[in-house]
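See structure below.
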Amino acid sequence: MKNEEISKILYEIGEYLGVKEIQFKPRAYEKAGYSIENLEEEVSEIYEKGGFKAVEDIPGVGVSIAKKIEELVKTGHLKYYEKLKKSLPVKIDELSSIEGVGPKMILKLYKKLKVKDINDLEKAAKTGKIAEIAGLGKKTEEKILKGIEFLRQSGNRFLLGLILPRVRLIENRLRNLKEVDRVAIAGSIRRMQETIGDLDILVASKKPEKVMDFFISMPEIAHVYSRGDTKTMVRLKNGLDADLRVVPDRSFGAALQYFTGDKRHNITLRILAGKRELKLNEYGLWRGKKLIAGRTEEEIYESLGMAAPPPEIRTDSGEIQAALKNKLPQIIDYRGVKGDLQVMTNWTDGENSIEEMALAAQETGLEYIVITDHTKSLAMTGGLDEKKLLKQIAEIDKLNLKFKIKNLKFRILKGAEVNILKDGSLDIKDEVLARLDVVGVAVHSHFNLSRNEQTKRIVKAMRNKNADILFHPTGRLIQKRAPYDVDVEEIIKTAKETGTILEVDADPHRLDLKDEYIRKAVSAGVKLAIDTDAHSKNSFHYLEFGVAQARRGWAKKDDIINTRPWREMLKLLK
DNA sequence: GCCGTTTTCGGCCCGACTGTTTTCAGTCG
């Protein structure tokens with residue numbers, strides 16, 4: 001049984017216990033579920049290797065939950081869970097995913113109307129039965145119907161890369177408003193998560209009514225859920241929910257800290273404050289009624305005895321402890337990347353010529369790019385064979401000469417995105433690969449091999465003495481395609497052993513490697529490259545998302561090879 | 001049910017908004 005399934009069951013148990021109005025246990029199960037969801041290793045493997053004790057060592061898992069996990073791993077099911085489901089036969093995860101529907105309402109709806117799932121709920125709402133229940137009303141009924149509709153049409157989250165330009169537009173518009181003293185985007189966007197659920201905007205102002213008026217009159221607004229002087233919630237036309245909070249300037253830092261999250265980070269921080277007889281809320285850090293800090297985030301963290309961890313790593317996974325010991329990692333800076341090691345051109349499936357790509361890269365501040373068109377077995381892109389590759393090498397030599405004459409300080413390096421065949425061999429001859437500056441290798445077919453076969457295949461490719469970088473190592477497309485089944489631990493091990501670089505693909509649809517694997521690779525001493533995988537001259541700004549991904553994986557400048565000038569970068573390759 | 005540089009027992013984040021039960025419970029973030 002996979003971690004994903006185990007954590008889902010633990011979450012569900014938490015929800016059942018919540019509906020049954022049992023105290024504190026729901027959060028214990030939720031915590032354990034979260035912990036397991038974010039484990040790098042499979043619980044089944046942990047159990048196999050270290051037994052019951054090792055499972056109990058997982059944070060948030062004690063004797064009781066460890067026993068349940070043991071039963072799940074051993075038998076594939078859990079009697080306790082089955083019993084809960086029988087005692088309250090409702091699709092609890094389904095119902096609680098509806099906006100406005102919580103444990104209390106689920107219980108009421110089941111007791112009065114025998115509502116078991118979304119379809120029952122929709123029927124009950126449409127026939128006006130919900131409004132008849134004491135404590136509920138017409139508006140609740142409407143809200144439920146709206147919630148169901150939303151869940152059906154756009155239940156998923158938004159890709160950060162697709163939403164960020166629009167968000168910055170709104171941010172700048174607010175910044176230019178004279179009633180606005182300070183503005184910031186908080187939440188998952190500030191943490192630069194791969195996908196975001198909603199938009200949290202924070203404003204410091206002495207005239208909140210004016211700010212709210214302006215906000216709800218913006219052209220992007222589709223619907224206003226609620227409007228207050230401190231908090232307004234809206235739905236944007238693109239389907240994104242947005243919250244605007246207005247706070248006094250003296251509380252701006254506290255609010256920014258609070259709304260940036262994530263939730264676990266904040267809970268741990270508040271408990272820490274409590275232990276020092278302080279109270280932390282979105283208005284500040286307090287000793288009794290005395291405001292200790294609140295104007296800036298920095299002064300809040302400082303008053304708690306630490307530097308502020310970068311938002312990207314605020315996940316309560318060691319950053320607070322590191323900060324308390326003054327050992328926060330110096331993670332890579334957003335301007336730290338000097339070159340792009342995966343760039344496509346119109347020689348295959350890119351839109352622009354080599355020269356156009358080079359000039360566009362230079363405009364965004366890069367010092368060099370590697371041209372990495374596809375190779376011959378990727379027929380749909382018109383992949384290059386040995387002969388064409390040699391021709392491209394000659395073309396790049398010419399362009400570099402041209403740049404030199406023009407006194408342009410920019411270097412185009414020669415490379416390829418070489419296709420890994422089913423058996424792990426490469427589709428370009430070694431003697432031609434040897435003439436390239438950078439050889440990227442990648443899987444583009446046979447995604448459905450068994451874990452063992454897929455891992456062996458990729459490991460074999462990595463062992464090729466010309467294979468410098470493994471591009472988009474797990475092949476996932478966020479919200480579209482799951483990663484292929486591969487043992488990433490083994491890939492990391494092989495990377496270390498062979499000196500193969502692992503890529504952090506910055507394309508917002510890929511962001512591959514994932515943050516947890518980046519952290520793992522970094523701590524194993526494996527070097528990484530952040531590449532845009534650009535197929536057009538307009539895609540170099542993807543670098544930001546790649547850097548964000550690397551930051552979330554605690555990667556430092558030194559861990560990323562293309563933070564170096566190109567000559568030094570090349571020295572780190574095989 | 002979990003956890004501990006206050007604790008192996010006694011705690012568990014906390015404030016805003018809505019709807020409805022006119023003084024507050026439920027939900028959310």
Side-chain angles (χ1 to χ4, degrees), chain A residues 10 13-35 56-69 80 95-109 130-144 146-147 186-188 191 196-202 208 212 224-234 241-247 251 254-255 257-286 305 316 321 324-325:
Chain A
L10 293 175
I13 291 175
E15 291 188 34
Y16 277 116
L17 297 173
V19 170
K20 287 170 172 279
E21 302 189 274
I22 291 165
Q23 295 290 298
F24 306 114
K25 287 190 190 185
R27 243 198 80 204
Y29 277 94
E30 186 197 338
K31 238 177 159 173
Y34 178 84
S35 183
E56 214 196 312
D57 279 345
I58 299 169
V61 176
V63 177
S64 179
I65 292 183
K67 273 187 189 157
K68 294 182 173 74
I69 291 172
Y80 177 71
L95 289 172
S96 56
S97 66
I98 300 165
E99 172 89 11
V101 177
K104 298 281 152 57
M105 203 186 286
I106 290 175
L107 187 64
K108 213 177 244 183
L109 289 168
I130 289 175
E132 291 168 10
I133 299 176
L136 305 176
K138 200 79 206 149
K139 292 216 170 159
T140 307
E141 202 165 78
E142 279 164 24
K143 194 175 177 188
I144 285 172
K146 273 199 165 168
S188 52
R191 300 198 314 277
I196 59 152
D198 63 5
L199 166 59
D200 296 300
I201 310 169
L202 202 62
M212 294 307 186
V224 179
Y225 292 116
S226 66
R227 182 208 194 276
D229 278 350
T230 61
K231 180 181 178 183
T232 289
M233 298 167 75
V234 302
D241 282 340
D243 292 359
L244 173 64
R245 313 283 296 226
V246 179
V247 299
S251 296
Q257 192 289 316
Y258 173 68
F259 290 111
T260 296
D262 71 3
K263 193 174 169 182
R264 320 264 150 188
H265 177 90
N266 285 352
I267 290 175
T268 300
L269 212 59
R270 284 184 175 195
I271 291 170
L272 189 79
K275 283 180 183 160
R276 298 176 185 198
E277 309 212 317
L278 300 168
K279 190 177 78 171
L280 181 61
N281 61 24
E282 59 257 57
Y283 296 105
L285 183 65
W286 309 81
D316 193 22
Q321 293 81 341
L324 283 170
K325 288 184 201 147

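A, B, ... follow the sequence lines: proteins, then strands. Residue 1 opens every chain.
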TODO: Provide, to the nearest angstrom, the distance between the CG atom belonging to A:Leu272 and the P atom belonging to B:dC14.
DONE: 13 Å
Task: Inter-nucleotide P distance (B:dT5, B:dG1), Å rounded - done: 23 Å
Task: Touch class at under 4.0 angstrom, heavy-atom based, for A:Met233 against every strand present - done: nothing
Open item on the list: Need one value for A:Ile98: base, sugar-phosphate or nothing, where a base atom within 4.0 Å counts as base even if backbone is also close, heavy atoms only.
Closed with: sugar-phosphate
Open item on the list: Measuring from the side chain of A:Arg270 (C-beta onward, heavy atoms only), which nucleotide among B:dG1, B:dC14, B:dG29 has the closest atom?
Closed with: B:dC14
TODO: Tell me what A:Lys143 touches on the nucleic acid: a base, only sugar-phosphate, or nothing, going by heavy atoms under 4.0 Å.
DONE: nothing
Open item on the list: Give me the distance, rounded to whole Å, that separates B:dG15 from B:dC9 when you measure between the P atoms they each carry.
Closed with: 31 Å
Open item on the list: Considering every strand and a 4.0 Å limit on heavy-atom distances, what is the contact class for A:Lys108: base, sugar-phosphate, or nothing?
Closed with: nothing
Open item on the list: For a quick check, tell me whether the side chain of A:Tyr283 and the base of B:dG15 share a donor-acceptor pair closer than 3.5 Å.
Closed with: no
- [ ] Quick one: label A:Lys263 by what it contacts on the DNA or RNA (base, sugar-phosphate, nothing), any heavy atom closer than 4.0 Å.
- [x] base
TODO: Provide the distance between the two P atoms, one in B:dC28 and one in B:dT20, to the nearest whole Å.
DONE: 16 Å
- [ ] Please tell me which of the listed nucleotides, B:dC17, B:dT20, B:dC13, lies nearest to the side chain of A:Thr140?
- [x] B:dT20
Task: Closest to the A:Asp200 side chain, choosing from B:dG29, B:dC13, B:dT27 - done: B:dG29
Open item on the list: What is the distance, to the nearest angstrom, from the CD1 atom on A:Ile133 to the C1' atom on B:dG19?
Closed with: 15 Å
- [ ] Quote, to the nearest angstrom, the C1' distance that separates B:dC12 from B:dT7.
- [x] 13 Å
- [ ] May I ask you to test the A:Asn266-A:Gln257 pair for a side-chain heavy-atom distance under 4.5 Å?
- [x] yes
Open item on the list: Rounded to whole Å, how long is the line connecting atom CG of A:Asp57 with atom P of B:dC2?
Closed with: 13 Å
Open item on the list: Tell me which residues in residues 20-28 of chain A lie within less than 4.0 Å of DNA chain B, going by non-hydrogen atoms.
Closed with: A:Phe24, A:Lys25, A:Arg27, A:Ala28
Open item on the list: Both distances below 3.5 Å, Watson-Crick or wobble geometry, any strand: find the nucleotide opposite B:dT8.
Closed with: none
Task: Phosphate-side-chain proximity, A:Ser64 and B:dG1, N/O vs OP1/OP2 below 4.0 Å - done: yes
TODO: Would you indicate what A:Lys138 reaches in the nucleic acid, counting non-hydrogen atoms under 4.0 angstrom: base, sugar-phosphate, or nothing?
DONE: sugar-phosphate
TODO: Among the candidates B:dG1, B:dC17, B:dG19, find the nucleotide nearest to the side-chain atoms of A:Ile65.
DONE: B:dG1
Open item on the list: Is any side-chain heavy atom of A:Lys143 closer than 4.5 Å to one of A:Tyr225?
Closed with: no
Open item on the list: Donor-acceptor check, side chain of A:Ser35 to backbone of A:Pro59, threshold 3.5 angstrom: yes or no?
Closed with: yes
- [ ] Can you figure out which of B:dT27, B:dC14, B:dG1 approaches the side chain of A:Lys104 most closely?
- [x] B:dT27
Open item on the list: For the CD atom of A:Glu15 and the OG atom of A:Ser97, what is their distance to the nearest 0.5 Å?
Closed with: 8.5 Å
TODO: To the nearest Å, give me how far apart CD (A:Glu141) and P (B:dG26) are.
DONE: 19 Å
Task: Whichever of A:Ser96 and A:Leu136 has its nearest DNA chain B nucleotide further upstream toward 5' - done: A:Leu136
Open item on the list: Between A:Lys138 and A:Glu141, does any side-chain N to carboxylate O distance fall below 4.0 Å?
Closed with: yes
Open item on the list: I want to confirm an ordering. Mapping A:Asn266 and A:Asp229 to their closest nucleotides on DNA chain B, which one lands closer to the 5' end?
Closed with: A:Asn266
TODO: From the options B:dC17, B:dC2, B:dT20, select the nucleotide whose nearest atom is closest to the side chain of A:Lys231.
DONE: B:dC17
Open item on the list: Measuring only between side-chain heavy atoms, which start at C-beta, is A:Asp229 closer than 4.5 Å to A:Val246?
Closed with: no
Open item on the list: Run A:Ser64 and A:Lys68 through side-chain hydrogen bond (donor to acceptor under 3.5 Å, both in side chains) and show every step you take.
Closed with: CA-CA 7 Å; A:Ser64 179; A:Lys68 294 182 173 74; 3.2 Å; yes
Open item on the list: Any heavy-atom pair between the side chains of A:Leu244 and A:Val234 that's under 4.5 Å?
Closed with: no
Open item on the list: Strictly below 4.0 Å, N to O, side chains only: are A:Arg264 and A:Glu30 in salt-bridge contact?
Closed with: yes
Task: Whole-Å gap separating P (B:dG26) and CD1 (A:Ile144) - done: 15 Å
Task: Gap between atoms CG and P, on A:Asn281 and B:dG29 respectively (whole Å) - done: 19 Å
- [ ] Pick the P atom in B:dT21 and in B:dA25, then give their distance to the nearest Å.
- [x] 14 Å
Open item on the list: Let's see if you can work this out: which of B:dG29, B:dT6, B:dC13 has an atom nearest to the side-chain heavy atoms of A:Tyr258?
Closed with: B:dG29
Open item on the list: Has A:Arg191 got a side-chain atom pairing as donor or acceptor with A:Thr260's backbone, closer than 3.5 angstrom?
Closed with: yes
Open item on the list: Between P on B:dC2 and CD on A:Glu56, what's the gap in Å once rounded to a whole number?
Closed with: 8 Å
TODO: Report yes if a side-chain nitrogen or oxygen of A:Ser226 is closer than 4.0 Å to either non-bridging phosphate oxygen (OP1 or OP2) of B:dA16; otherwise report no.
DONE: no
Open item on the list: When you measure from the side-chain N and O atoms of A:Lys325 to the phosphate of B:dT5, is any distance below 4.0 Å, counting only OP1 and OP2?
Closed with: no
- [ ] In whole angstrom, give me the gap between the P atoms of B:dC13 and B:dC3.
- [x] 14 Å
- [ ] Provide, to the nearest angstrom, the distance between the CD1 atom belonging to A:Ile267 and the C1' atom belonging to B:dC3.
- [x] 14 Å
Open item on the list: Please report the distance separating the P of B:dG11 from the corresponding atom of B:dA16, rounded so that it comes out in whole Å.
Closed with: 26 Å
